[in-house]
Amino acid sequence: MAVDIVMPQMGESIFEGTITKWLKKPGDKVERDEPLFEISTDKVDAEIPSPSAGVLKEIKVGEGQTVPIQTIVGVIDAAGSPASAPAPAPAKAAAPAPAPPAAKAPAAAAPAPAAPKPAAPAAAPAPASSGSTGERIHSSPLVRRMAKEHGIDLSTVEGTGAAGRISKQDIEAAIAGAGVPSAAAAVYSAPAPAASSRPAPPAAAPGVSGGQAHVALETAVPREKMYFGNYEVQPMSAMRQRIAEHMVASKRVSAHVYSVDEIDMTKVAALRAKSKDEFEKRYETKLTFMPFFVKAAVAGLRAYPTLNASLDGTNVILHKEINVGIAVALDWGLLVPVVKNADEKNILGIQRNMNDLAERARSKKLKPEEVQESTFSITNPGVFGGLFGLPVISQPNVGILGLGAIEKRPVVINDSIAIRSMCYVTLSYDHRVVDGAIAHQFLHKVKETLESWSEPVL
């Protein structure tokens, strides 16, 4: 009996996925719920389990291809009969692939949108966009964001996806048709050249930097490693592409400003050193510095709720919940899983929640909702020895706290030199919403909370 393998929907706002790796090949035996392939979406990377035991009979969608949810990507023979001939990997085009479908009309020709009426604040994300005609338009959050950034009216874009859904390729074609350069479209969606042609290393034109020449090269090569004398070109992974898109969008959208403070962590360091062995023995989890910083950030956000906010047009959304995103470095990229309702948790609750999220992020077991709805973020370059960093704001937050390494340094206390455990912290904030006075008051509250720590951990 043939069992279809479909692209799953990994969340309400996710409508397509990219197959990044098949863990089995045609002819391999698989068990039910055994990891079968890996996907990457707008929100999270995940391993997808086999829907049935049997033999992988056919792979219909190859690695690197993006398809809508519910698309059949492969077939399992549940009876376990010999597999048919393995499906060949997607062949490299012998000539440049045709350009994606053009928009119905260039955005430049579309009437200028009317000024939006002020809307009542709503913490929930907006539904799928609707065109000016009132007709519901099916598109992903990524597509809607790209359209907004480039001034594209989605009602003028012809969707080529399932049920007329507007895909990322459709909006990139519309951007190109409107004469708006799209770095993402240039780097990620360039047609592949003939498989037999091997491009020579390009010479940088006058006024073109080496980085620009490298980007130009990436648009001209097939999506596989290529080697040229003393360097190689590696195509971006799906996750790396999304990180690039999100970071560039954040820098374009938010007016980034940075503030720095220094915190005496001696009291917290002494408490942790005294308690960590008993903490691990009693609760079977390690005690790190991060939950102390989360608790201090919560105190700061309670005192200065402007930093626990997001911006929707000209409306500032002040969130009642405090959901803290914690950046997790992975071998293949970066994820920001979210500690929900951090203000309701003690040190143990935060530590356990963080450890669970980090472990499942590294094993690709996170659910989409676990990387959504953050209201503030924390990143920790100090764990790698960094003195401090100036992180990019994680949208739609208006602030992110960066933690430096905790190091013993000589400081002056009461006109005497003492050795203390010190840490630099930085706050990146969106100046459209947060002013410098609020930012520094927030940092002072974080500093005050940690330097006068009194909450027990056992």
Side-chain angles (χ1 to χ4, degrees), residues 1-92 140-142 161-163 165 167-168 223-224 235-243 328 330-338 355-372:
M1 179 182 67
V3 176
D4 290 336
I5 308 165
V6 299
M7 175 64 70
Q9 182 167 15
M10 297 296 290
E12 290 184 1
S13 63
I14 296 175
F15 299 95
E16 61 185 15
T18 301
I19 293 183
T20 55
K21 184 179 182 181
W22 279 96
L23 304 175
K24 298 289 184 178
K25 61 182 183 297
D28 286 352
K29 291 184 178 180
V30 293
E31 299 296 332
R32 181 180 176 85
D33 295 329
E34 181 182 5
L36 188 57
F37 60 99
E38 297 178 358
I39 67 168
S40 180
T41 72
D42 284 353
K43 302 297 183 184
V44 69
D45 283 9
E47 288 182 346
I48 305 303
S50 172
S52 172
V55 172
L56 179 58
K57 185 175 183 180
E58 183 182 2
I59 290 177
K60 291 180 176 288
V61 177
E63 295 178 356
Q65 291 186 267
T66 301
V67 294
I69 59 171
Q70 303 308 317
T71 298
I72 297 174
V73 299
V75 178
I76 288 177
D77 181 359
S81 60
S84 59
K92 295 183 177 64
S140 70
L142 173 62
R165 180 174 187 77
S167 68
K168 178 182 172 184
R223 296 199 54 75
E224 60 183 20
M236 282 183 166
S237 66
M239 174 180 277
R240 194 78 254 164
Q241 293 177 30
R242 284 165 176 79
I243 291 173
V328 176
L330 308 171
D331 292 340
W332 57 92
L334 181 74
L335 284 176
V336 187
V338 181
N355 289 351
D356 173 60
L357 290 169
E359 181 180 345
R360 288 190 292 113
R362 295 186 179 100
S363 60
K364 300 184 178 181
K365 305 290 187 191
L366 283 178
K367 300 174 183 177
E369 59 267 25
E370 293 173 324
V371 293
Q372 297 175 345

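For the atom pair CZ of R32 and OG of S50, the computed distance is 8.0 Å after rounding to the nearest 0.5 Å. Taking CD1 of I39 as the reference point, atom CD1 of I19 lies at 8.0 Å (rounded to 0.5 Å). Atom-to-atom distance recorded for E16:CD and I69:CD1 is 10.0 Å, nearest 0.5 angstrom. Distance check, rounded to the nearest 0.5 Å: CG of L366 to CD of Q372 gives 11.5 Å. With rounding to the nearest 0.5 Å, the separation of CG in D356 from NZ in K365 is 13.0 Å.
Residues S237 and T20 fail the side-chain proximity criterion, which asks for heavy atoms closer than 4.5 Å. Taking the side chain as every heavy atom from C-beta outward, L357 and V328 never approach each other to under 4.5 Å.
With sequence neighbours left out, the side-chain contact (heavy atoms from CB on, under 4.5 Å) criterion links K367 to E369, E370. Every side-chain contact (heavy atoms from CB on, under 4.5 Å) that K25 has, sequence neighbours left out, goes to D28. Applying the side-chain contact (heavy atoms from CB on, under 4.5 Å) criterion to I72, with sequence neighbours excluded, gives D4, V6, K60.
Residues P8 and I48 approach most closely at CG-CD1, 3.7 Å, considering heavy atoms. Across all non-hydrogen atoms, the minimal contact from P26 to I59 is CD-CD1, 3.7 Å. V371 and P337 get closest at one heavy-atom pair: CG1-CA, 3.9 Å. For the pair S40 and R242, the tightest heavy-atom approach, listed with the atom from each and the gap, is OG-NH1, 4.0 Å. Among all heavy-atom pairs drawn from V3 and A78, the shortest one is CG2-CB, 3.9 Å. In this structure, V67 and M7 approach most closely via the heavy-atom pair CG2-CE, 3.7 Å.
Applying side chain to side chain contact (heavy atoms under 4.5 Å, CB included) to V30 and the options L23, I5, L36, V55 leaves one that passes, L36. The salt bridge (Lys or Arg N to Asp or Glu O under 4.0 Å) with K24 is formed by just one residue from the set E47, E31, E34; it is E34.
Atom CD of Q70 has more than 12 neighbouring heavy atoms from other residues, nucleotides or ligands inside a 6.0 Å radius.
Checked by atom type and distance alone, the side chain of E63 pairs as donor or acceptor with a backbone atom of W22 at under 3.5 Å.
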